[in-house]
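Numbering of ligands and ligand atoms starts at 1, following listing order. Note: hydrogens, waters and symmetry copies are ignored here, and every other heavy atom, side chains too, is used.
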Amino acid sequence: MIQIGETRISLDRREAGADLDFISHAHSDHVAAAKNSSAVVSSDQTGQLVECAYGLKPNRVGLPENMRLLDAGHMLGSKQLYIESPSGRRIIYTGDFNLGFNKTARPIEVSGCDILIMDSTYYGPEFNFGDKPSAEMKMVEWIKGRLERGSIIFSAYKMGKAQELISIFNDADIAPIVSDKVGSISKVYQYNGVNLKYSAIAENMENESNFVGITENRNFSAFSSVLARLRGIPVYTAMASGFAKIWKMGTDMQFVVSDHADFAQSLQYIKSTGARQVYTYGQSSRLFADNLCKEGYSAEPLPEEIRFD
Ligand SMILES: [Zn+2]
């Protein structure tokens with residue numbers, strides 16, 4: 001928890017004693033405050049996605065005058081929190097963020113600051129995702145090569161990654177079949193002006209042609225009834241994630257397509273903000289801080305409680 005003047009703010013957590021709970025975006029590991037906080041700060045889209053995905057209606061409040069939300073480039077509605085302290089210090093908390101192009105999210109807003117609190121998901125130089133457009137092109141070529149012979153099912157996080165995949169496939173004139181959960185979240189994207197073309201499993205029970213499917217379910221069971229019609233035809237499985245860089249995903253193919261900044265992007269981001277002090281936040285904060293120190297930055301994990309006046 002951070003304290004700015006007299007205001008205590010929790011960042012993507014639910015912490016006792018906080019005056020405000022910031023929810024940067026709607027991924028499940030960031031929305032603990034949606035359940036019973038009386039003062040949530042988030043974007044409208046995050047509020048809508050939380051309601052759709054988890055059935056919770058966050059008690060959202062307006063932003064104090066010294067705070068602003070900046071786009072984070074990670075998924076629909078993802079925001080960073082910008083705060084000015086009483087003495088004029090500028091503080092930014094990134095949440096999950098991405099500097100690369102993502103058709104389903106607004107591009108990141110980079111603002112100057114003195115103190116940066118950063119997400120630590122991809123904490124070291126081993127996370128180098130390379131050029132995203134060429135990774136996407138490779139993925140589409142792989143799909144087109146297989147689609148002549150059989151069907152392809154992608155496993156993807158139901159919110160954010162699934163919609164980004166739909167959009168990438170649409171650019172290649174492919175409208176995927178999606179699971180019910182992916183479909184209901186995609187409707188929130190469409191409501192907010194993101195153009196996505198897909199169809200639901202229920203509309204494809206009689207489908208006998210090869211298809212590309214997207215499901216949040218790693219065992220692909222959501223597609224079993226549709227797949228039963230394709231007996232004897234190959235079914236290829238695939239996954240797209242930043243963790244595909246270092247882990248085997250257990251699918252026929254895996255692609256390094258991430259909606260997060262890799263380590264090089266994090267360095268580039270710190271430099272662009274001009275921050276003099278970096279606090280790392282999240283599970284790998286120690287590793288991330290050590291790696292940033294090696295690069296010459298002043299960095300340490302965010303303490304449990306810290307006050308900026
Ligand atoms: Zn996220």
So, do H260 and F127 have ring centers that fall under 6.0 Å from each other?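 Centroid separation for H260 and F127: 6.0 Å or greater.
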Shortest non-hydrogen contact from S179 to I201?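 So the two residues come closest at CA-CD1, 3.8 Å.
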By atom name, which N, O or S atom of D96 is the nearest to the Zn ion (ligand 1)?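 Result: OD2.
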Determine which of the N, O or S atoms in H27 is closest to the Zn ion (ligand 1) and give its atom name.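 Per the distance ranking, H27 contributes ND1 as its closest N/O/S atom to the Zn ion (ligand 1).
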Rounded to 10 degrees, what angle sits at the Zn ion (ligand 1) between H25 NE2 and H74 NE2?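 Value returned, to the nearest 10°, is 100°.
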Would you sort out whether W247 and M239 count as a side-chain contact (heavy atoms from CB on, under 4.5 Å), showing the intermediate values? CA-CA 11 Å; W247 290 340; M239 175 133 192; over 6 Å; no
I'd like to know if K294 pairs up with D290 as an ion pair, taking the criterion as any Lys NZ or Arg NE/NH1/NH2 lying under 4.0 Å from an Asp or Glu carboxylate oxygen.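 D290 and K294: not salt-bridged.
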